[in-house]
Amino acid sequence: AKWTFDAKEPGKIAGAKINPDGPQAPIYPAFPEGNKSLSFEGKAGSLTVKESDFPGTNLRFIQGETITLESWVKIEDLKNGSYIYLIGKGRNRTKQFTPENQNWALRLKNEGGEALPTFLFRSRNAATKAEDYHRWVAKEGFTTGSGWHHVAVTYTFGKPESVVAYVDGKKIKNGTWDMAGKTNEPPVSDADDIVIGTGNGGGPSNTLNGSIDEVAVYRGALPDAVLTQRYLFVPPPAVVDAAKLPA
């Protein structure tokens with residue numbers, strides 16, 4: 001499943017707008033000029049996608065399956081955010097499902113103004129039905145207010161050592177499992193919606209204040225060679241103040 005925001009794509013947008021201000025050439029040469037993105041204001045914006053919007057595509061993940069989540073993102077600031085959802089399945093606080101049913105999520109943690117990729121899911125023991133949250137936080141991220149960045153996470157459910165993140169083409173295996181820590185337990189998995197740009201029922205602390213593009217969910221691990229080459233960046237030419245040039 002993929003959202004590029006350049007054509008009619010699955011999902012219902014609320015409190016957000018598609019604008020022609022996505023990553024684009026010449027600074028981001030992998031994208032054409034006028035490339036579009038979905039912009040949020042850090043309040044109650046969302047793109048909600050039902051399973052029925054992707055007929056024939058299974059977006060639920062269970063034990064032993066591998067997921068890759070990726071997105072381009074531009075964040076103005078993280079002043080009001082603690083864990084910003086880029087994309088997640090479940091935990092939408094709807095009446096049809098239990099409130100803590102996070103099958104998977106790619107989020108960004110606010111660490112003193114640095115955005116750190118995180119992977120979150122909730123486990124459920126098949127025998128006891130006991131549940132816990134498991135959150136992996138990468139040790140490296142990117143500074144907010146610094147343009148567009150590419151982030152991705154790959155994980156095999158049941159294998160906590162398999163988790164790895166990518167930030168602007170750099171592979172990051174150094175990170176920490178917190179909350180209930182590492183686990184071999186399977187994830188909660190049901191028919192709840194996928195939501196882009198927010199999660200956990202919405203709210204400023206979980207909602208993106210910025211823009212997002214090229215959001216994707218893959219069944220399997222994308223090769224390192226693909227994810228380490230996603231981020232192509234050509235710095236703009238330096239602006240010279242003629243008044244400060246020597247006579």
Side-chain angles (χ1 to χ4, degrees), residues 1-3 9-16 38 40 44-71 81-109 117-126 128-137 151-160 163 177-208 212 215-220:
K2 190 171 185 178
W3 295 264
E9 293 169 333
K12 182 179 180 181
I13 297 174
L38 185 62
F40 299 83
S46 63
L47 170 57
T48 302
V49 185
K50 298 185 177 299
E51 286 191 343
S52 58
D53 291 333
F54 277 99
T57 300
N58 182 11
L59 297 173
R60 305 182 201 181
F61 284 77
I62 60 174
Q63 187 78 330
E65 295 184 331
T66 300
I67 186 171
T68 299
L69 303 166
E70 70 168 336
S71 175
S82 52
Y83 286 91
I84 303 299
Y85 277 80
L86 301 183
I87 183 171
K89 188 177 196 306
R91 203 189 186 194
N92 296 316
R93 309 290 177 174
T94 54
K95 295 180 180 180
Q96 300 94 319
F97 302 96
T98 58
E100 306 295 347
N101 63 333
Q102 191 84 74
N103 188 196
W104 48 259
L106 171 61
R107 309 193 302 174
L108 297 174
K109 179 186 179 183
T118 80
F119 179 75
L120 177 72
F121 76 97
R122 189 166 180 86
S123 67
R124 178 183 293 151
N125 182 282
T128 66
K129 308 303 180 184
E131 297 184 2
D132 271 310
Y133 270 114
H134 308 273
R135 181 176 61 201
W136 184 82
V137 182
V151 296
V153 170
T154 293
Y155 179 66
T156 300
F157 288 97
K159 297 182 178 179
V163 67
W177 283 104
D178 60 15
M179 302 186 82
K182 298 179 182 179
T183 186
N184 297 318
E185 298 289 352
V188 171
S189 184
D190 57 32
D192 205 354
D193 296 339
I194 292 171
V195 178
I196 293 173
T198 192
N200 193 20
S205 65
N206 291 130
T207 301
L208 176 65
I212 199 167
V215 188
V217 183
Y218 300 92
R219 186 169 292 281

Item to check | Heavy-atom pair with the smallest gap, counting every atom of S189 and I62 | outcome: OG-CG2, 4.0 Å
Checklist entry - Taking atom OG1 of T198 and atom CD1 of I87, what is their separation to the nearest 0.5 Å? => result 12.5 Å
Checklist entry - Can you say whether the rings of F119 and F121 are parallel (under 30°), tilted (30 to 60°) or perpendicular (over 60°)? => result tilted
Next on the checklist: Salt bridge check, E51 against K89: does any charged N sit closer than 4.0 Å to a carboxylate O?
Outcome noted: yes
Checklist entry - With a 4.0 Å cut-off, would you call E185 and R124 a salt bridge? => result no
Checklist entry - Using a distance-only test with no angle check, is there a side-chain donor-acceptor pair under 3.5 angstrom linking R91 and N200? => result yes
Next on the checklist: A side-chain contact here means heavy atoms from C-beta on lying under 4.5 Å apart; do E9 and L47 qualify?
Outcome noted: no
Checklist entry - Any side-chain heavy atom of N58 sitting closer than 4.5 Å to one from R219? => result yes
Item to check | I84 versus T207, closest heavy-atom pair with distance | outcome: CD1-O, 3.3 Å
Item to check | Check ion pair K2-E70 (N to O, under 4.0 angstrom) | outcome: no
Checklist outcome for this item: The reported gap from CH2 in W104 to CG in L69 (rounded to nearest 0.5 angstrom) is 5.5 Å
Checklist entry - Atom NZ of K182 and atom OG of S123: how far apart are they, to the nearest 0.5 Å? => result 15.0 Å
Checklist entry - Does any N or O in the side chain of N206 come within less than 3.5 Å of the main-chain N or O of G203, such that one atom is a donor and the other an acceptor? => result no
Checklist entry - So do the side chains of W177 and V137 get within less than 4.5 Å of each other, counting heavy atoms only? => result no
Checklist entry - With side chains defined as the heavy atoms from C-beta onward, is the minimum distance between V217 and F61 less than 4.5 Å? => result yes
Checklist entry - Quick one: are K12 and K50 in side-chain contact, heavy atoms under 4.5 Å? => result no
Next on the checklist: Before you tell me yes or no, could you show the steps for V163 and V153 under side-chain contact (heavy atoms from CB on, under 4.5 Å), namely the whole-Å CA-CA distance, both residues' side-chain angles and the distance that decides it to 0.1 Å?
Outcome noted: CA-CA 7 Å; V163 67; V153 170; 4.1 Å; yes
Checklist entry - What are the two closest heavy atoms between A216 and Y218, and how far apart are they? => result CB-CE1, 3.5 Å
Next on the checklist: Looking at N184, is its backbone amide N or carbonyl O close enough to the side chain of Q63 to form a donor-acceptor pair, meaning the two atoms are under 3.5 Å apart?
Outcome noted: yes
Checklist outcome for this item: Rounded to the nearest 0.5 angstrom, the CG-OG1 distance for L106 and T118 is 7.0 Å
Checklist entry - Which heavy atom of L59 sits nearest a heavy atom of A1, and at what distance? => result CD2-CB, 3.9 Å
Checklist outcome for this item: Between A126 and K129 the two heavy atoms that sit nearest each other are O-NZ, 3.2 Å
Checklist entry - Quick check: does any side chain N or O of T68 sit under 3.5 Å from a backbone N or O of G220, one acting as donor and the other as acceptor? => result yes
Checklist entry - What is the ring orientation for W3 with F54, classed by angle as parallel under 30°, tilted 30 to 60°, or perpendicular over 60°? => result perpendicular
Checklist outcome for this item: In short, L86 meets S71 closest at the heavy-atom pair CD1-CB, 4.2 Å
Checklist entry - Would you call R122 and E131 a salt bridge, taking side-chain N to carboxylate O under 4.0 Å as the test? => result yes
Checklist entry - What pairs with T94 under side-chain contact (heavy atoms from CB on, under 4.5 Å), at least two apart in sequence or on another chain? => result N92, Q96, F97, D192
Item to check | Donor-acceptor side-chain pairing of Q102 and Y133 below 3.5 angstrom | outcome: no
Next on the checklist: Could you go through Y83 and Y85, starting from their C-alpha distance and side-chain angles, then the distance that decides it, and tell me whether this counts as ring-ring contact (aromatic ring centres under 6.0 Å, His included)?
Outcome noted: CA-CA 6 Å; Y83 286 91; Y85 277 80; 9.0 Å; no
Next on the checklist: Can a side-chain donor-acceptor contact be found between R60 and N103 if the only test is distance below 3.5 angstrom?
Outcome noted: no
Checklist entry - Within the side chain of S46, is there an N or O that forms a donor-acceptor pair under 3.5 Å with the backbone of T48? => result no
